[in-house]
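Handing you a structure now.
Computation of the quantities below employed the complete heavy-atom set of this structure, encompassing side-chain atoms and omitting hydrogens, waters and symmetry-equivalent molecules. Since the model is a prediction, treat every value here as computed from it, not as a measurement.
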Amino acid sequence: MNKSNQPEVDWLIFGLSATLLALVVLPVVLFPEASQSAINAIFKVLTTQFGVLYVTLTTAIIVLLLYIAISPWGNIRLGRIEARYSQFSWISMLFCCGIGGSVIYWGATEWVFYYTSPPFGALAKSDAATLWAQTYGMFHWGPGGWALYCLPTVAICCTYYLKKIPSLRLSAACEPIIGKQSNGLGGRIIDLLFIVGLISSAATGLGFGTSVAASALTRLMSIPDNFITQLTIITVMTLVIAGSVYRGLDGGIKTLSNINSVLALLLIAYVLVAGPTRFILEMSVASLGHLAQNFVTMLTWTDPFEKGNFVESWTVFYWAWWLALGPFVGMFVCKISEGRTLRELIIGMLFWGSAGCALFFLILGNYALNTELSGLHGVVNETLNASPSAALASLIERLPAGGFWLAFLAIIGIIFTATTYDSASYTLAAGATVKLEPGEHPARWHRVFWAVALGILPASLLYLGGLKALQTASVIASLPLLVVYGILFAAIIKTLRAVHAASTAQSASRFSGELRAE
């Protein structure tokens, strides 16, 4: 602890991260056309050449997590006996931390891209394309993605609670494999990769959330949906994030997450009741059944015959995005999961996370699909030619009391995004802090600095315009983290074997002592 009674900042990591952020932002602002061309080229190369690594890693992680959950390892408890947060608050925080405004942005309209360019050779806009379209959104936001969040969470929990290493840094979670290097150059590189990955992927989600709020507000207030409007919204959200993260984990982040969960559920329930209820329910059952039947095929599909670019454009992008955000979610969920077992942690993340996302795709997505198929509104045309967020605003406006729900959507978009990125600000500060004991928090000024920094990159990428810039930021940042995930995979197995063996030996010794006493 330093003289000001605040955890000590790792100035090397802090300085390098801030410098890299500036080096990324400046070329985008100064040379937008050249940056756009470079971004498109990089995205194509990375997703084509390395896509199979993302698919293979995601499959292996799901298998490992399910094994831990059903094995005796699942009984291992993290930290003290009782959970620190209620089940609702815990689920709310992990969901809002991991998802943000992105699930609203995609929930209503992601099916459009699959409907018009379907996978597995299906004919565009056919019944088969419709079923795949309503299934793939839940798949990309389901167990595969949440598994990429859960692996670093388990790894960080193992070192933080089981090995008693007082650090939430990603390098500490790699300590069982890299040893003393976790405090040396290797560890610094890992921590730097984490921070760069988080900033880049946070930009993606913050950009999506900004678009949702901007489209709702511009429709409601009859103002142009342009870069100035989006920049204004980013500024407002950054102030909300800074205020929340300044208040801390309980006073700010937990409160915002609880409020946001209730608001989101209200919106979903209203769309279900006010929209085409029967169609939504029937299509939901059909798409859930289709997902259950084809999950393994979708999980392992790499398109070896290269008949399209569906896997590269969507599945690989999503796995890269989840992977780049995973260490951040892991650090945050580790901090709020004290007292839970590994089984509770894994099932909670894989099931509740996936179920929460599925609600948005099933209800908002099927409402949008029915609006398109019945000819009430050209959802496909507006999504492709304007933006997904513009189509979402049109759909909400069509509901009874549409003006009220547009305002409601704007509020949810802002709060949803803020709950994710105040968590990100907290975690960035923790990742650039030398030592953080349970119950301690990063310095307030440090948390606020990262809250402001998180608003800079999405603003610059939105300045370029287009989805590709946001997607590419995630893919580039996630590539070196593939190696780190391999280290975390091995570290979990090594640590849990040792902990379980020690527990078994202790139990045997205690039992032997009781027999001798008798």
Side-chain angles (χ1 to χ4, degrees), residues 43 46-70 94 98-99 102-103 106 110 114 119-120 132 135-156 170 173 193-194 197-198 200-201 204-205 291-292 294-304 309-330 333 345-355 357-358 361 471 474-493:
F43 184 83
L46 292 182
T47 54
T48 301
Q49 299 300 320
F50 298 97
V52 66
L53 297 179
Y54 289 95
V55 172
T56 303
L57 179 66
T58 302
T59 304
I61 289 173
I62 290 177
V63 173
L64 174 65
L65 293 174
L66 291 178
Y67 173 77
I68 293 173
I70 64 176
L94 76 85
I99 296 303
S102 304
V103 74
W106 289 116
E110 186 171 319
Y114 310 150
F120 300 111
W132 281 118
T135 302
Y136 250 102
M138 290 188 293
F139 171 73
H140 286 146
W141 294 75
W146 282 94
L148 291 168
Y149 278 176
C150 193
L151 182 88
T153 305
V154 172
I156 294 168
L170 191 59
L193 290 175
F194 148 68
L198 173 53
S200 301
S201 297
T204 309
L291 176 61
N294 295 280
F295 181 79
V296 175
T297 300
M298 298 160 75
L299 183 65
T300 56
W301 179 243
T302 56
D303 193 13
N309 62 354
F310 184 89
V311 173
E312 291 83 3
S313 295
W314 291 104
T315 304
V316 173
F317 154 63
Y318 267 120
W319 292 169
W321 183 39
W322 291 90
L323 189 148
L325 282 173
F328 139 59
V329 176
V333 176
L345 175 65
I346 292 170
I347 293 175
M349 293 188 75
L350 296 189
F351 176 76
W352 287 112
S354 300
C357 292
F361 285 91
Q471 287 181 316
S474 293
V475 176
I476 293 174
S478 71
L479 189 62
L481 285 172
L482 283 169
V483 177
V484 178
Y485 265 63
I487 296 173
L488 295 176
F489 193 102
I492 289 171
I493 296 173

Measuring from Ile68:CD1 to Ile347:CD1, what's the distance to the nearest 0.5 Å? 12.0 Å
How far apart are the closest heavy atoms of Leu481 and Leu193, and which atoms are they? CD2-CB, 4.1 Å
In this structure, SG of Cys357 is separated from CH2 of Trp352 (nearest 0.5 Å) by 13.5 Å
d(Leu151 CG, Ile492 CD1) to nearest 0.5 Å is 4.0 Å
Please lay out, stage by stage, how Phe139 and Asn294 fare under the test side-chain contact (heavy atoms from CB on, under 4.5 Å). CA-CA 10 Å; Phe139 171 73; Asn294 295 280; over 6 Å; no
Closest non-hydrogen atom pair between Leu488 and Ala173, with its separation: CD2-CB, 3.7 Å
For the atom pair CZ (Phe120) and CE (Met298), what is the distance rounded to the nearest 0.5 Å? 6.5 Å
Can you sort out the partners of Phe489 under ring-ring contact (aromatic ring centres under 6.0 Å, His included), two or more places apart, ordered by chain and number? none
CA sep, side-chain torsions, deciding dist, call: Trp301, Tyr136, ring pair (Phe, Tyr, Trp, His ring centres under 6.0 Å): CA-CA 12 Å; Trp301 179 243; Tyr136 250 102; over 10 Å; no
On the 0 to 90° scale, with breaks at 30° and 60°, tag the Trp322-Trp141 ring pair as parallel, tilted or perpendicular. perpendicular
Under the ring-ring contact (aromatic ring centres under 6.0 Å, His included) rule, collect the residues that match up with Tyr485, sequence neighbours excluded. none
Heavy-atom pair with the smallest gap, counting every atom of Pro143 and Leu350: O-CD2, 3.9 Å
Could you pull out the closest heavy-atom pair between Glu110 and Gly137, with the gap in Å? OE2-CA, 3.8 Å
Does some side-chain heavy atom of Val316 sit less than 4.5 Å from a side-chain heavy atom of Trp319? no
Please work out whether the ring planes of Tyr318 and Trp321 are parallel, tilted or perpendicular, with thresholds of 30° and 60°. tilted
Aromatic rings Trp314 and Tyr114: how do their planes relate, parallel, tilted or perpendicular, breaks at 30° and 60°? perpendicular
Side-chain contact, heavy-atom cut-off 4.5 Å: Pro480 with Val484? no
In Å and rounded to the nearest 0.5 Å, what is the CG to CH2 distance from Leu291 to Trp132? 9.0 Å
Would you be so kind as to tabulate the donor-acceptor pairs closer than 3.5 Å made by side chains of residues 55-67, with sequence neighbours excluded?
residue: Thr56; atom: OG1; partner: Val52; partner atom: O; Å: 2.8
residue: Thr58; atom: OG1; partner: Tyr54; partner atom: O; Å: 2.8
residue: Thr59; atom: OG1; partner: Val55; partner atom: O; Å: 2.9

Reported OH-to-CG distance for the pair Tyr149 and Leu323, which is rounded to 0.5 angstrom: 10.5 Å
What is the minimum heavy-atom distance between Ser354 and Gly142, and which atoms define it? OG-C, 3.1 Å
